[in-house]
Amino acid sequence: MRKNNNSKKAFLDSSKIIPGGVNSPVRAFKSVNSLPVFIKKGKGAYIYDLDDNKYIDYIGSWGPMILGHANETVIKSIEKVIKNSTSFGAPTLLETKLAKLIKKNFPSMEKMRMTSSGTEATMSAIRLARGVTNRDKIIKFEGCYHGHVDSLLVKAGSGSATFGVPSSPGIPKDLTKHTFTLKYNNIDDLEKCFIKNANKIACVIIEPIAGNMNCVIPNKKFIKKIRTLCNKYNSLLIFDEVMTGFRVAKGGAQEIYKIKPDITTLGKIVGGGMPVGVFGGKKKYMDQVSPVGPIYHAGTLSGNPAAMSAGIKTIEILSRKNFHKNLEKKLSILMLGLKKSADKYNIPFQINYVGGMFGFFFTEKNNIENFEDVNNCNDKIFQIFFNLMLGKGIYFAPSSFEAGFISSSHTMKDINLTIKAAEESFKILSNYLNSK
Ligand code: KE4
């Protein structure tokens, strides 16, 4: 067991004034039946908690830290910018510079707007799609998360083609009745919903590689069919690449699948760990955004100079030759090493990985296609594995419904240490399972 008195004390104290003691639910470690570790600092692939425990970090702030923590160039760029003030609420050159850098990698984003979170980006993208099509209905997919937007916090209704129901109290049914929540990777569901609601659907929003039901990869036919059906019914296709943007490839999932969405949302890496979201797409749509057009969008800190500078430096570094090729190569060694260790102890274990993003599943089913498949995995074994690995200094996502992330700072030594820790954990797991 690792020392955790200081984290425990901090958690008790924070819980008195912050709901769940955290500012975002997944950080509370409730899904793994454990107490959260409070972090003091990070450097490269490592984070250190209040009890001076060191962890190899495979969360990376849920994606942004693709270069690792406290990258010198990123830090220096922020320090330089904030000396001239932290915010003006007026345009700066940095916003245009970041926008041009994004467009270079995401040519479908002919014009774009900065926000301060991924949630703001997807919320604005939905409003834009509804505004330009003058339609209310939207399609999303079960297991995809697009931020805490009222019209997107919707789970599937009784039948997948029926209206959605709120997945949180506080969201009017009158709003969620416009949202259809369909099965990921299910072409029939999608086709039926379009046929039944022909010309009423403003947009389809999708995580083009899902990372919020663990890491689930779309079937190529499915993801291409969405584009075809949106064209046929004049609906907009929104790729929510908040997580996959600059993560699975420099140009995100749209580069991998060679699909041009009408609108793309970005976040996480694009701010280098500072609060940034982006929504952008075809000029004819974006020019309908205020003040050029009537569709409203605004934000006090949108395009914040320090955040822009962090994003610019991060993208400049990840744009170097073979950055993503090397990232995926390193990740493949990790994932295949975990798989080999699990197989050695007959632990049902499957892996998915793309670019610098990964997932693992405790199940016999080797082709995880949708939320139901993830739900059927063995969460109990996941919890035991997570806590064993945390105790060994390996910091995986504290939920079997989250993806993991690797950075360019992770070394082969870190990878081998992780595989060794996993082998020890699988051995303990196998003894536990055999003793039942
Ligand atoms: P934010 O509002 O958290 O910046 O972005 C929302 C969002 C939108 N779209 C996708 C595809 C996302 O993954 C996210 C946020 N991802 C979660 C990770 N599961 C953030 C972590 C958290 O909520 O604490």
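Counting starts at 1 for both ligands and their atoms, following the listed order. Residue indices begin at 1 and follow the sequence shown.
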For each nitrogen or oxygen atom of ligand 1, which protein N/O atoms lie closer than 3.5 Å, and how far apart are they, rounded to 0.1 Å?
from, atom 1, to, atom 2, distance (Å)
ligand 1, 2 (O), Thr119, N, 2.9
ligand 1, 2 (O), Thr119, OG1, 2.6
ligand 1, 4 (O), Gly118, N, 3.0
ligand 1, 9 (N), Asp240, OD1, 3.3
ligand 1, 9 (N), Asp240, OD2, 2.7
ligand 1, 13 (O), Asn212, ND2, 2.9
ligand 1, 16 (N), Lys268, NZ, 3.0
ligand 1, 19 (N), Asn212, OD1, 2.4
ligand 1, 19 (N), Glu402, OE1, 2.7
ligand 1, 19 (N), Glu402, OE2, 3.4
ligand 1, 23 (O), Ser24, OG, 3.3
ligand 1, 24 (O), Ser24, OG, 2.6

Check whether NZ of the Lys or CZ of the Arg Arg227 lies under 6.0 Å from the centre of the six-membered ring of Tyr257 and within 45 degrees of that ring's axis. no
For Tyr48, is the NZ or CZ atom of Lys40 found under 6.0 angstrom from the centre of its six-membered ring and inside 45 degrees of the ring axis?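 Verdict for Tyr48: no cation-pi partner in Lys40.
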Hey, could you give me each pair passing side chain to side chain donor-acceptor pair (under 3.5 Å) that has a residue in residues 12-23? Not counting sequence neighbours. none
Lys8 atom NZ, over 12 foreign heavy atoms within 6.0 Å: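 Open: at most 12 neighbouring heavy atoms sit under 6.0 Å from NZ of Lys8.
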Over 60° means perpendicular and under 30° means parallel, so tell me whether Tyr395 and Phe29 are parallel, tilted or perpendicular. tilted
Among Phe385, Tyr58, Tyr353, which one satisfies ring pair (Phe, Tyr, Trp, His ring centres under 6.0 Å) with Phe360?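 Of the listed residues Phe385, Tyr58, Tyr353, the ring pair (Phe, Tyr, Trp, His ring centres under 6.0 Å) partner of Phe360 is Phe385.
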